[in-house]
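Everything on this sheet refers to the single structure shown next.
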Amino acid sequence: MTLVSGWGRFPVVDTDLLRPRSFEAVGEAVADVTGSVARGNGRAYGDAAIGTARTVAMTGFDRIRSFDPVTGRIRLEAGVLLADLIDTFGPRGFLPFVVPGTRFVSVGGAIAADVHGKNHHCEGGFGRYVDRIQLATGEGETIEVSREQNSDAFFATVGGMGLTGVILEASMRLRPVETGWIRERVIAASDLDAAMRALDAGDTATYSVAWIDCAARGRSLGRSLIYLGEHAGKDELADGADAFPLGRNPGLAVPIDMPSMTLNRYSIRAFNELYYRLGARRAGGSQLVSLYPYFFPLDSLADWNRIYGKRGFLQHQCVIPEAGARDVLGDILDRVARRGDASFLAVLKKLGQGDGLLSFPLPGYTLALDFPVKGGILEFLDEIDHLVVAAGGRLYLAKDARQSRATFEAGYPALPRFNAIRKSLDPKGNIRSKLSQRLFDEV
Amino acid sequence: MTSRKSVLVLGGSSDIGRAAARAFARSGYDVGLAGRDVAVLEPDAADLRARYSVEVGVYRFDVLDTAAFESFVGSLPALPDVVISIVGLLGTQESAQSDLAHATTIMRSNYEGPSLILGLFAEKFLTRGSGTLVGVSSVAGDRGRALNYIYGSAKAGFSAFLSGLRARASRGGVHVVTVKPGFVRTKMTEGMKLIGPLTVDAPVVGDAILRAVENKTDVVYVSGKWRLVMLIIKTLPEAVFKKLKF
């Protein structure tokens with residue numbers, strides 16, 4: 001048995017961690033026990049990628065099956081990391097259509113969480129560019145699912161948190177790009193209204209996201225820096241510039257668990273103040289930045305989750321439908337600012353319609369916050385959840401380690417349909433994760 | 001064949017073999033993958049073609065079938081620029097202590113086979129006047145330890161072979177690299193208790209092999225820490241060493 005946790009390092013669970021070497025062995029691993037789920041690169045924050053009995057590690061399946069350099073179509077094994085795709089095919093003029101805030105996620109995990117990026121408001125989530133998925137069901141059988149074939153199972157698998165079976169392989173489309181550079185425009189917004197207006201105005205931008213100073217209160221509540229971005233063409237580069245700047249592996253790492261007092265209301269407020277002022281100076285003009293810092297600012301600091309200390313941290317990411325979002329977001333931010341320990345990772349962004357039955361996105365605004373695990377935090381987040389549910393919103397399963405069944409069921413009305421499809425694929429209920437045990441499965 | 005440089009990886013389906021093949025293909029080499037089961041090599045060959053648009057061939061090669069070595073070398077479409085032997089077998093020390101057949105297989109897989117096949121390529125390379133041979137040996141060959149001296153002694157023999165071959169071949173324009181990876185997270189070491197700070201992932205070894213070939217390094221400890229660890233282990237007096245249980 002092995003102790004395993006998600007990126008948030010909470011909870012930590014003892015599990016039978018298997019590393020199969022063939023797809024046949026994957027099928028056998030899930031079919032002969034009740035309670036297994038696939039695990040990619042372990043970047044889900046909570047308990048999504050930990051089986052109730054067994055956890056099937058998939059990162060060994062990292063082969064590209066085929067690639068068409070004309071159309072950008074690629075067939076690959078589920079354990080390939082987006083970092084690998086970007087490094088390998090970026091210099092050949094192709095990138096994933098959708099990337100989340102870290103490139104160290106597997107393709108299988110990206111499908112299972114139907115991850116979104118800074119372009120969700122106009123281009124949709126990761127699943128939109130996936131045409132075909134090969135799945136090992138809980139019975140140990142291999143099936144192909146697509147929009148045309150087993151389409152119910154396809155839309156349950158996109159965003160289905162690995163609960164329809166183990167994703168073995170996928171066919172998808174990559175985005176043709178001329179360069180690995182992003183033309184970035186920064187807008188400083190002095191309060192929440194200005195931030196939301198700037199995001200609305202940024203609807204036409206391919207990429208848009210707002211970083212919120214969640215230590216700011218009163219008239220400055222919700223003050224933000226909005227980052228808009230477009231892929232830069234070759235003609236925008238200076239003469240002699242490298243068309244595809246290679247990403248470096250993290251040079252810095254957090255070597256130890258920081259004492260939990262490192263992040264306190266004073267250090268967080270000081271950091272946020274500094275960050276806002278430095279960012280506001282860049283506002284107005286536009287500049288070229290490499291795709292790596294643009295999309296993955298935290299990837300340059302390896303093991304940054306250790307900054308929260310040994311007890312780990314909780315990420316809270318909700319989405320609030322567009323109508324009425326202003327008041328609910330204002331209320332949440334106000335409570336967070338009063339509490340004082342929300343960290344530098346407060347992100348606001350617009351989302352469009354999700355594709356999968358359980359995909360997180362819906363048209364509205366998503367707010368991501370993170371909190372060190374300490375006394376009172378669970379009760380505080382329950383209060384926030386009430387606001388989210390009352391507004392018709394929901395929480396992101398890939399980030400979740402603690403929401404209640406009531407919150408989950410209220411947020412995901414397609415759940416009964418999902419459960420029926422899951423049951424037809426896996427009548428014995430072999431595929432079970434700690435997350436499904438907490439939120440989905442009959443007790 | 002193209003005008004690109006080429007590498008042949010013996011033990012191409014091992015984790016280090018796959019990593020080395022990727023490292024060389026990424027830097028533009030055509031690749032030959034050789035192993036016991038050609039069907040196992042095909043997906044990796046397809047992976048290399050899709051990623052790097054290089055030519056990749058797969059060949060059947062069994063390190064224990066020494067009688068077939070000459071025809072194996074002769075059957076290759078062209079003599080490669082670089083040959084890497086990653087073949088090896090950890091085996092089980094405890095059973096090898098009494099099971100002669102198992103001990104023999106460990107010795108032949110780690111010493112006899114890899115040495116003979118690289119020796120054969122060395123003759124071809126010397127005739128041509130160029131080429132690089134890479135032998136993946138082990139820190140276990142630096143000193144025989146109670147817990148793995150059968151594997152370790154075979155690796156020691158292989159290291160000695162590579163050392164002598166390097167001295168001879170360097171005069172003929174042929175370079176020989178000895179690689180001592182230390183602990184690597186692979187199929188071979190799965191389930192073993194490895195010491196975290198001394199353990200690396202296979203791609204680190206693959207990159208180190210490519211660098212060693214390009215820089216004409218003689219002996220590579222993949223992690224510098226191992227050079228120090230083995231220096232200490234090698235200099236312990238025998239009277240002390242024999243009391244150690246590792």
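Quick caveat: nothing in here was measured; it's all calculated off a predicted structure. No hydrogens, no waters, no symmetry mates; every other heavy atom, side chains included, goes into these values.
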Next item on the list: Look up atom OH in B:Tyr52 and atom CZ in A:Phe67, then write down how far apart they are to the nearest 0.5 Å.
Entry: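 The distance works out to 12.5 Å.
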
Checklist line | From CZ (B:Arg51) to CG (A:Leu76), nearest 0.5 Å | finding: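 Going from the CZ atom of B:Arg51 to the CG atom of A:Leu76 covers 9.0 Å.
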
Side chain, backbone, both or neither of [X] within contact of chain A (heavy atoms, under 4.5 Å):
X        : result
B:Asp44  : both
B:Arg22  : side chain
B:Thr186 : backbone

Next item on the list: Answer yes or no: are there more than 12 heavy-atom neighbours, outside B:Glu94 itself, under 6.0 Å from its atom CD?
Entry: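 Open: at most 12 neighbouring heavy atoms sit under 6.0 Å from CD of B:Glu94.
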
Check: What are the two closest non-hydrogen atoms of B:Ser53 and A:Arg92, and how far apart are they?
Finding: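 In terms of heavy atoms, the two residues are closest at OG-NH2, 2.9 Å.
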
Item checked: Residue selection (most heavy-atom pairs with chain A, distance under 4.5 Å) from B:Lys187, B:Arg26, B:Arg49 ->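 Heavy-atom pairs under 4.5 Å are most numerous for B:Lys187.
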
Margin query: Which residue in the set A:Ile64, A:Asp62, A:Val80 passes side-chain contact (heavy atoms from CB on, under 4.5 Å) when paired with B:Asp47?
Written below: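 Exactly one pass, corresponding to A:Ile64.
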
Notebook entry, point to check: If you count heavy-atom pairs under 4.5 Å between each of A:Arg65, A:Arg63, A:Glu77 and chain B, which one has the most?
Noted result: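 It is A:Arg63.
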
Next item on the list: Below 4.5 Å from any heavy atom of chain B, which atoms of A:Arg75 appear? Answer side chain, backbone, both or neither.
Entry: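 Neither the backbone nor the side chain of A:Arg75 comes within 4.5 Å of chain B.
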
